[in-house]
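Worksheet: one structure, shown below.
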Amino acid sequence: MANGIMQNLLLSALALSAAVDAYGAGAAGWDAAYSKAQAALLKLSQTEKVGIATGVGWEGGPCVGNTYAPSSIDYPSLCLQDSPLGIRYANPVTAFPAGINAGATWDRSLLYARGAAMGEEAKGLGVHVQLGPAAGPLGKNPDGGRNWEGFSVDPYLMGVGMEETIQGMQDSGVQACAKHWLGNEQEHNRETMSSNIGDRATHELYLWPFMNAVKANVASVMCSYNKLNGTWACESDAVLNELLKDELGFPGYVMSDWNAQHTGANSALAGLDMTMPGSDFNKPPGSIFWGPNLVEAVANGSVPQSRLDDMATRILAAWYLLGQDQGYPEVTFSSWNGGKATVDVTADHASVARTVARDSIVLLKNQEHALPLRQPKSLAIIGQDAIVNPDGPNACVDRGCNTGTLAMGWGSGTAEFPYLVAPLEAIKVQAQQDGTKIVESTTDSTTDAASAAAAAETAVVFINADAGEGYLTVEGNVGDRNNLDPWHNGNELVKSVAAANKNVIVVVHSVGPIILETILAQPSVKAIVWAGLPGQESGNALVDVMYGSTSPSGKLPYTIAKQPSDYGAGWNSALVDNFAEDLFIDYRHFDKNSIAPRYEFGYGLSYTTFNYSGLAVSVSATAGPSNGPIVPGGAEELFQSVGTISVIVENTGDVAGAEVAQLYLGLPDSAPSTPPKQLRGFQKLNLQPGEQGTATFELTRRDLSYWDVQTQKWVVPSGAFTVYVGASSRDIRGEGKFAVA
Ligand SMILES: OC[C@H]1O[C@@H](O[C@H]2[C@H](O)[C@@H](O)[C@H](O[C@H]3[C@H](O)[C@@H](O)[C@H](O)O[C@@H]3CO)O[C@@H]2CO)[C@H](O)[C@@H](O)[C@@H]1O
C-alpha cells in the first residue's frame, strides 16, 4: 500500500515536470501559475482531483458547464459558459457582431476591443471560462452551419482573430476556450463522421489558427465531436497529446465538447483533461465516463496517477494564470431561469458592438454612386429582414428561427439580444432628419414589394441566409445550409423590386457567401451591401455606412463564387470526409484552378480610392527547418521575425476612408505543390483625403514555411519568394521578390 502511494507520488512529480518542460520555462505567466497549481494539488484528495475535471451534469449548476468544487482549497465550482459572440443565456448582456463580422473588419484593435468587452461581461457575471472563440470550423465548406462563429476561412486571418480575441478576453480576466479542435467542418453527422485530413493540410490550414491561440496563452481548448483520421478527437493521442500538447506546447487544459467523450480511460490517456457537461446528457442513463469511474480507473491502474495529477494541475494553473484566485465575482445568473443577472455588465459595450458592425460592412457593388444616400425624397424599405421578429428578437430558443432581421446564426454560439436595432427603425430616424418619405413593405411578398418599390425614388431590399448548429433544424436546414441562395425567395423579391424601381440597393445579412448572379443580372440593382451578422446594433451600423458618415471598410473574409460548384467543397452526407480539397480551399482553390470568383477573398469597396506605391521588401531568412525549444504555439523559431515588407497607401479620393492593405506570399518551387499565394499580413489604415500611410507587414519564419511531412517540421524553402501587395487577393497593386538561400 505504502509502496503504491510512493509510486503514485513519484509518477505525479514526473508528470508535473513533464508539463513544465512542455510549455517552456518563462512562458508568460504559466511558470508562476504552475507553481501555485502544484502547491494546491498537494492538498487535494483523489475525489477532489477528479471533481475539478468532471462536470456536474447538464443543468446541474447555473452555467452550461459546471465542475465540482473541492473543499480542501479555496477553488470554486468552475462556471463555463458560451459563446464566441457574447454570454449565452444571460441578460442583460451585449449581443456582439458574430466572429465572421469581426473578421471582416480586418482590424486588430477592434478584434481585441470586442474580445476585451466580452471578457469584461463574462467576468462581471462570474463566468470563469467563456466558450470561445471558434477556429473550427475553418469554413472549407461554404455551406457549413457554424462557419459564422469563426473569423474567416483563411487560416492567417482566422489566427489573428483568435489571437486578438483571446488576448482581449484574458486581459479582462476570463479564461478563453479555443474550439473546436479539430476538423469539425460540418454539422451533418458531426458526432459520427471521420474527418480524414492529410498531415500538411492539418498543419497549414486547420491547426494554424490554434497555434495563434496557444501563443496567446489560451487557457483551454475544446475538442470536437468528430473523429480525426478514424479516432474520436476527444480520445486521440495523436490529436491531443502529440499535436496540441507536445507540438504546440499547450500548457492549459482540454475539455470535451458537450458529450463528445466516448470512453473513460482511453480519453484520459489520450490527453483529455475535463469532461463536459459530465452527465449522461443525450446518452443512455449511466454512461458517465469520469467522476467515480475515473477514481476507479486510477485505483485499478488503467489511468496512471500522474495523468490525473496532470489534468488537475492544468486546470488549476489556468485558473491561477488568469488571477481568478483573487476576488473573482460570484456567478450572478442562471442559464435555466431566463438568465436574469443581478448586475448590469454591459457598460459602454454597445459602442464597441456598433463600431465592429459598421467596420465589417462590405460594399460589394456601387454603381452610379448609388451610395451613400444623400437626403433622398423617398425611400422604399422592403423585406422582412428590415424589421425585428414581431415576437421579439429572442422569440426562438438559441435563435432557432429566421424571422425578421438576421443578426446572428443559431445554436450554442448565440446570446440573448438586450435589444435589436432593426434596419427600418434606424433608417426611419435618419429619414426624419432628412425629410425623406418612407414606404414600407416588411413581408417577403413580391407583390407588396413591387408596389412599395414603385412608390419611391430608391428602393432598399433586405435579404438574408441563415445557418447554425445541427441540434436545431430551421426551415429544413439541419445546421448546414441546403444551398447558397438567399432564404425566403430572396432572388424573386429582388427581381420584383428591380422591375418596379430603377435605383435598387440590396442589403444582405448572411452567415457566409450567397450566390448573387440573379441579383447582379438585374440592371436596376445599383448597389449591394453585405452586412453579415451584425448583432444588436445592426440598423445603426448600417445607417452609418449607407448615409456616409463612415466609408465602408470591411473586406470579404471568404470568396463569393459565381456558382456553388466553383468552391469544389461542401458538406456531405457520408460518414467520412476525406478532405480531398487538401490545401486548396476558398481562394487557394480558385487561384490554382484559374476560376474567376464573383467577388474575391479580401474584396471590398470604399467611398474613396486608394493608391499603392513604394513597395519595400526587407526579408532575410535561412532555408531549413524551424527548431528550438517548444513555447506555447510551437517551436520558438517559428515566431522569430525575419523582416518586413511595407507599402505606402494614399487616399486619393475626397472623403476619409480606411483601407486594408494585404500581403500575399507565393512560395518558391522547392516547396512542393503549394497554393499560388497565401495571406501573410494585413494592416488597416485610416486615411483622410490626400493623406498617406505606410502599411508594414512583419514576417515570421512561420509565414515563410510549409509543413514538411517527411521531417515533421515547418520548413522554410530555398529559392525566390513572390510578394503580392494589394487591396484584395485579386487586386494586386505591387509585386516583388526576395530570395532565401
Ligand atoms: O454549450 C456548450 C457547448 O455545447 C455544444 O452544443 C450543445 C448546446 O450547448 C446544447 O444547448 C444543445 O442541447 C440540445 C440537445 O443537443 C438536443 O438533443 C436537445 O433536444 O435540445 C438541447 C437544447 O435545448 O446540445 C449541443 C450539443 O449537441 C457546442 O457544440 C459547443 O460549441 C458549446 O460550447
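Indexing begins at 1, ligand by ligand and atom by atom, following the structure's order.
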Numbered in order shown, the ligand 1 atoms found under 4.0 Å of a heavy atom of Trp258 are 2 (C), 3 (C), 4 (O)
Within 4.0 Å of some non-hydrogen atom of Leu131, the atoms of ligand 1 are 2 (C), 34 (O)
Within 45 degrees of the axis of the six-membered ring of Phe579 and under 6.0 Å from its centre: does Lys140 put its NZ or CZ there? yes
Within 4.0 Å of some non-hydrogen atom of Tyr225, the atoms of ligand 1 are 5 (C), 27 (C), 28 (O), 30 (O)
Hits for side chain to side chain contact (heavy atoms under 4.5 Å, CB included) against Asn229, two or more places apart or cross-chain, chain-then-number order -> Asn196
Would you check if Leu78 and Ile52 make a side-chain contact, meaning some heavy-atom pair closer than 4.5 Å?
no
Per ring-ring contact (aromatic ring centres under 6.0 Å, His included), Phe601 is matched among Tyr156, Trp106, Tyr567 by Trp106
So for Glu187 against ligand 1, with non-hydrogen atoms under 4.0 Å, the contacting part is neither
Identify all side-chain donor-acceptor contacts of residues 158-170 below 3.5 Å with residues at least two apart in sequence or on another chain.
unit_1, atom_1, unit_2, atom_2, d
Glu163, OE1, Asn212, ND2, 2.9
Glu163, OE2, Lys215, NZ, 3.3
Thr165, OG1, Gly161, O, 2.6
Gln170, OE1, Ala176, N, 3.1
Gln170, OE1, Ala219, N, 2.9
Gln170, NE2, Asn217, O, 2.8

Testing the 3.5 Å rule here: is there a donor-acceptor pair between the side chains of Thr346 and Glu121?
no
### Message
I'd like to know whether ligand 1 has Glu149 as a neighbour, heavy-atom separation below 4.0 Å.
### Response
no
- Item | Lys340 vs Thr332 side-chain heavy atoms within contact, under 4.5 Å | no
One finds that the ligand 1 atoms under 4.0 Å from a non-hydrogen atom of Lys179 are 31 (C), 32 (O), 33 (C), 34 (O)
Could you check whether any heavy atom of Arg190 sits closer than 4.0 Å to an atom of ligand 1, since that is the contact criterion I want to use?
yes
Practice item. Return yes when His180 approaches ligand 1 closer than 4.0 angstrom through a heavy atom, no otherwise. Key: yes
Taking the non-hydrogen atoms of Met276, is any one of them nearer than 4.0 angstrom to ligand 1? no
To atom 9 (O) of ligand 1, the nearest of Glu191, Glu469, Arg88 on a heavy-atom basis is Arg88
